[in-house]
Amino acid sequence: WVYVADRENHRIQVFDVDGTFKRFIFLNAVYDKSHHPVLGNLPASPPDETQPWTLCITNGPTQYLYSSDSEPGRIYKLTLDGTIIGTMGISGRDTKEFNWIHALACPTDDTLYVADTENHLLRKIDLKAKKVATIAGTGEQSRQNWPGLDRVTNLDNFRIPDRWVGKPRVTAINSPWDLWIHGQNL
């Protein structure tokens, strides 16, 4: 099956491997429609279905679909038929709050990685322990082409590498938009 986050139409579309449409899934969990989003203004008439922004499917014996929305800033755990079996988070800037999740990765049944775009953080969620940890970023937006380069103290004879990586939790990052798991690496 192929699952597509159709943001503007407030739905997830499901297709078979031949491209034949099978069904819609809607994120219609109850939420506080008066909660003011971190970005933008409160819509005049908030919809019942929120916009699915991201998707990932676990690889375990029982597969789950995870999705997120921009407002109210939640992550949803669903069965593959679309039944919502759990939610977490809300829009904001604190530990268990998210500000425009732009990507999810779910390498195991108990771990989610989150590209928290407007908080400028990469987060790791331990679903068993119900803990959210920042694994990269400071919460400040980097304006540098080479994040972490500002921390290099001696630029004499310094050559910028093809790929520059600063220390993850003390280096500001610039709005992470995507995540990719390759083997054991994020």
Side-chain angles (χ1 to χ4, degrees), residues 1-60 62-127 130 132 134-135 137 173 175-181 186:
W1 300 99
V2 177
Y3 292 77
V4 178
D6 184 0
R7 293 178 194 170
E8 291 306 311
N9 291 310
H10 300 261
R11 63 190 181 195
I12 297 168
Q13 295 188 47
V14 183
F15 300 88
D16 67 17
V17 294
D18 295 321
T20 304
F21 173 78
K22 293 299 184 182
R23 68 182 178 278
F24 293 122
I25 296 172
F26 296 95
L27 300 180
N28 57 0
V30 176
Y31 70 101
D32 180 1
K33 294 181 183 181
S34 66
H35 177 77
H36 196 283
V38 176
L39 290 176
N41 296 316
L42 192 62
S45 56
D48 291 329
E49 295 88 19
T50 64
Q51 293 176 294
W53 275 67
T54 62
L55 301 174
C56 73
I57 299 174
T58 60
N59 287 322
T62 302
Q63 292 183 295
Y64 294 101
L65 170 68
Y66 284 91
S67 185
S68 67
D69 59 21
S70 60
E71 183 56 40
R74 292 192 295 196
I75 296 172
Y76 300 81
K77 181 179 183 180
L78 303 95
T79 59
L80 293 184
D81 70 358
T83 302
I84 297 171
I85 56 176
T87 63
M88 74 171 295
I90 191 165
S91 63
R93 298 194 183 276
D94 289 331
T95 303
K96 292 186 179 178
E97 297 177 343
F98 305 101
N99 191 355
W100 262 14
I101 297 171
H102 237 278
L104 289 175
C106 44
T108 70
D109 290 345
D110 301 322
T111 303
L112 283 179
Y113 290 101
V114 177
D116 192 351
T117 301
E118 289 300 316
N119 281 335
H120 313 289
L121 299 169
L122 293 180
R123 307 270 188 97
K124 179 180 180 180
I125 302 174
D126 181 327
L127 297 167
K130 298 182 180 180
V132 178
T134 296
I135 60 170
I173 58 177
S175 305
W177 281 62
D178 208 355
L179 297 170
W180 182 43
I181 302 288
L186 174 65

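Numbers for residues simply follow the sequence, beginning at 1. What you see below is based on every heavy atom in this structure, not just the backbone, and it leaves out hydrogens, waters and symmetry mates. In this text the structure is predicted, and so the values were computed from the model without any measurement.
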**Q** By the definition side chain to side chain contact (heavy atoms under 4.5 Å, CB included), identify the one residue from P107, C106, S68 that meets it with L112.
**A**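 It is C106, the one option of P107, C106, S68 that forms the side chain to side chain contact (heavy atoms under 4.5 Å, CB included) with L112.
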**Q** Go through the side-chain N and O atoms of H120 and S175 and say whether any donor and acceptor fall under 3.5 Å apart.
**A**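 Yes, because at least one side-chain N or O of H120 sits under 3.5 Å from a partner of the opposite role on S175.
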**Q** Count the heavy atoms belonging to other residues, nucleotides or ligands that lie under 6.0 Å from CH2 of W53, then report whether that count exceeds 12.
**A**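 Yes.
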**Q** Quick one: do the T108 and D110 side chains pair a donor with an acceptor below 3.5 Å?
**A**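 The answer is no; no qualifying pair exists.
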**Q** State the OG1-CD1 distance between T83 and I25, to the nearest 0.5 angstrom.
**A**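 Result: 8.5 Å between the selected atoms.
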**Q** State, with a plain yes or no, whether a side-chain heavy atom of V114 is found less than 4.5 Å away from one of F98.
**A**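 Counting from C-beta outward, V114 and F98 do come under 4.5 Å.
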**Q** Does W100 offer a backbone N or O that forms a donor-acceptor pair with the side chain of N119 under 3.5 Å?
**A**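 No: the side chain of N119 does not pair with the backbone of W100.
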**Q** Considering only heavy atoms from C-beta outward, does the side chain of T58 approach that of Y66 to under 4.5 Å?
**A**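 A side-chain contact under 4.5 Å exists here.
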**Q** Shortest non-hydrogen contact from D109 to N59?
**A**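 The pair with the smallest heavy-atom distance is OD1-N, 4.3 Å.
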**Q** Quick check: does any side chain N or O of D178 sit under 3.5 Å from a backbone N or O of W180, one acting as donor and the other as acceptor?
**A**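 Side chain of D178 to backbone of W180: no pair is present.
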**Q** Is any side-chain heavy atom of I125 less than 4.5 Å from a side-chain heavy atom of T111?
**A**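 Of all side-chain heavy-atom pairs linking T111 with I125, none is under 4.5 Å.
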**Q** Do you know which two heavy atoms are closest between K96 and K130, and how far apart they sit?
**A**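 What the structure gives for the nearest pair is NZ-O, 3.1 Å.
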**Q** Could you tell me which non-hydrogen atom of A29 sits nearest to which non-hydrogen atom of T87, and how far apart they are?
**A**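 Minimum heavy-atom separation between A29 and T87: CB-CG2, 4.5 Å.
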**Q** What's the separation between atom CG in L55 and atom CG in L104, rounded to the nearest 0.5 Å?
**A**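 It comes to 8.0 Å.
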**Q** How long is the straight-line distance from CD1 of I75 back to CD1 of I101, given to the nearest 0.5 Å?
**A**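 Answer rounded to 0.5 Å: 4.0 Å.
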**Q** Going by atom types only, do D18 and T20 share a side-chain donor-acceptor pair under 3.5 Å?
**A**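 The criterion, which ignores hydrogens and geometry beyond distance, is not satisfied for T20 and D18.
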**Q** Would you say the side chain of L122 lies within less than 4.5 Å of the side chain of L179, judging by non-hydrogen atoms?
**A**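 Yes. Closest side-chain heavy atoms under 4.5 Å.
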**Q** Give me the ring orientation class for H102 and W177: parallel if the planes are under 30° apart, tilted from 30 to 60°, perpendicular past 60°.
**A**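 Taking W177 first and then H102, their aromatic rings sit tilted (interplane angle of 30° to 60°).
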**Q** With heavy-atom distances below 4.5 Å as the criterion, would you say the side chains of D116 and T134 are in contact?
**A**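 No. Closest side-chain heavy atoms not under 4.5 Å.
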**Q** I want to check something: taking the side chain as every heavy atom from C-beta on, are I57 and Y64 in contact at a cut-off of under 4.5 Å?
**A**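 A side-chain contact under 4.5 Å is absent here.
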**Q** Pairing donors with acceptors under 3.5 angstrom, does anything connect the side chains of Y3 and S67?
**A**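 There is no such pair between these side chains.
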**Q** Run the numbers on D16 and W1 for side-chain contact (heavy atoms from CB on, under 4.5 Å), then give the verdict.
**A** CA-CA 5 Å; D16 67 17; W1 300 99; 3.9 Å; yes
**Q** To the nearest 0.5 Å, how far apart are CD in Q51 and CG in D6?
**A**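 The CD atom of Q51 sits 9.5 Å away from the CG atom of D6.
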**Q** What is the minimum heavy-atom distance between P52 and A5, and which atoms define it?
**A**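 Here P52 and A5 meet closest at O-CB, 3.5 Å.
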**Q** Please find the pair of heavy atoms, one from D69 and one from R74, that lie closest to each other, and give the distance.
**A**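 Heavy-atom minimum between the residues: OD1-N, 2.8 Å.
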**Q** From T54 OG1 over to Y76 OH, what is the distance, rounded to the nearest 0.5 angstrom?
**A**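 So the gap between those two atoms works out to 10.5 Å.
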**Q** Nearest 0.5 angstrom please: L27 CG to R11 CZ, how far?
**A**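 Result: 12.5 Å between the selected atoms.
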**Q** Is there a donor-acceptor pair closer than 3.5 Å between any side-chain N or O of R123 and the backbone N or O of T95?
**A**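 Judged by distance alone, yes, a pair lies under 3.5 Å.
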**Q** Looking at every heavy atom in both T79 and I85, which two are closest together, and how far apart are they?
**A**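 For T79 and I85, the tightest heavy-atom pair comes out as CG2-CG2, 4.1 Å.
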**Q** Quick one: are L186 and K124 in side-chain contact, heavy atoms under 4.5 Å?
**A**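 Heavy-atom side-chain distance check fails, nothing below 4.5 Å.
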